[in-house]
Amino acid sequence: MAASSRAQVLDLYRAMLRESKHFSAYNYRTYAVRRIRDAFRENKNVRDPVEIQTLVNKAKRDLGIIRRQVHIGQLYSTNKLIIENQEKPKT
């Protein structure tokens, strides 16, 4: 993978993770982070430049979807789950 292509993929990966952490719903947030990590790990050994470009284009579309869904989720937010309200124990 060319250096610029690698940098582009890493930037896209970081952007997707960063944006998915803005989901207001805990279940959507954890699912999105897990799915992004799994997808990138699954395709980490791809060497064909055409296939890499296809995957990058798909990830860009998915990033747009994540951004729209985060925005919609913020419009219709719900109460936090019990698991989200737990305080960390003080040591």
Side-chain angles (χ1 to χ4, degrees):
M1 181 183 317
S4 63
S5 180
R6 178 177 168 78
Q8 181 184 18
V9 169
L10 289 174
D11 287 344
L12 193 53
Y13 176 72
R14 287 185 197 111
M16 291 179 81
L17 284 178
R18 194 176 316 115
E19 196 64 37
S20 67
K21 289 182 181 184
H22 290 117
F23 275 114
S24 58
Y26 173 80
N27 289 329
Y28 289 136
R29 188 171 53 247
T30 56
Y31 174 77
V33 169
R34 184 175 61 244
R35 184 64 190 105
I36 291 165
R37 287 181 179 154
D38 290 346
F40 275 82
R41 282 184 190 135
E42 180 181 321
N43 294 311
K44 74 178 181 179
N45 294 322
V46 174
R47 299 286 180 233
D48 181 26
V50 174
E51 189 173 352
I52 290 171
Q53 193 57 46
T54 302
L55 291 168
V56 166
N57 291 338
K58 182 183 181 307
K60 286 180 181 178
R61 284 193 311 270
D62 291 347
L63 178 59
I65 291 169
I66 290 170
R67 285 183 174 149
R68 285 191 298 275
Q69 287 303 117
V70 164
H71 185 68
I72 290 170
Q74 289 171 347
L75 292 173
Y76 303 102
S77 63
T78 59
N79 294 332
K80 289 190 174 218
L81 299 176
I82 297 289
I83 195 167
E84 293 177 283
N85 291 331
Q86 293 178 350
E87 291 184 25
K88 300 200 187 245
K90 296 180 182 179
T91 57

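Bear in mind that the values here come from a model prediction, so they are computed numbers and not experimental data.
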| remark: Nearest heavy-atom approach of Leu12 to Val56 is CD2-O, 3.6 Å
| field | Within residues 38-83 or reaching into it, pairs that qualify as ring pair (Phe, Tyr, Trp, His ring centres under 6.0 Å) - sequence neighbours excluded | value | Tyr13-Phe40
| message | Tell me the closest heavy-atom pair linking Val46 and Ile52, and the distance in Å. | response | O-CD1, 3.6 Å
| task | Would you please test Leu10 and Arg6 for side chain to side chain contact (heavy atoms under 4.5 Å, CB included) and show each step? | result | CA-CA 6 Å; Leu10 289 174; Arg6 178 177 168 78; 4.2 Å; yes
| request: Under the side chain to side chain contact (heavy atoms under 4.5 Å, CB included) rule, collect the residues that match up with Arg41, sequence neighbours excluded. | output: Arg37, Asp38
| Leu63 vs Lys60 side-chain heavy atoms within contact, under 4.5 Å | no
Indicate every side-chain donor-acceptor pair of residues 14-26 with a distance under 3.5 Å to a residue at least two apart or in another chain.
| residue | atom | partner | partner atom | Å |
| --- | --- | --- | --- | --- |
| Arg14 | NH1 | Asp11 | OD1 | 3.4 |
| Ser20 | OG | Met16 | O | 3.1 |
| Ser20 | OG | Leu17 | O | 2.9 |
| His22 | ND1 | Arg18 | O | 3.2 |
| Ser24 | OG | Gly73 | O | 3.3 |

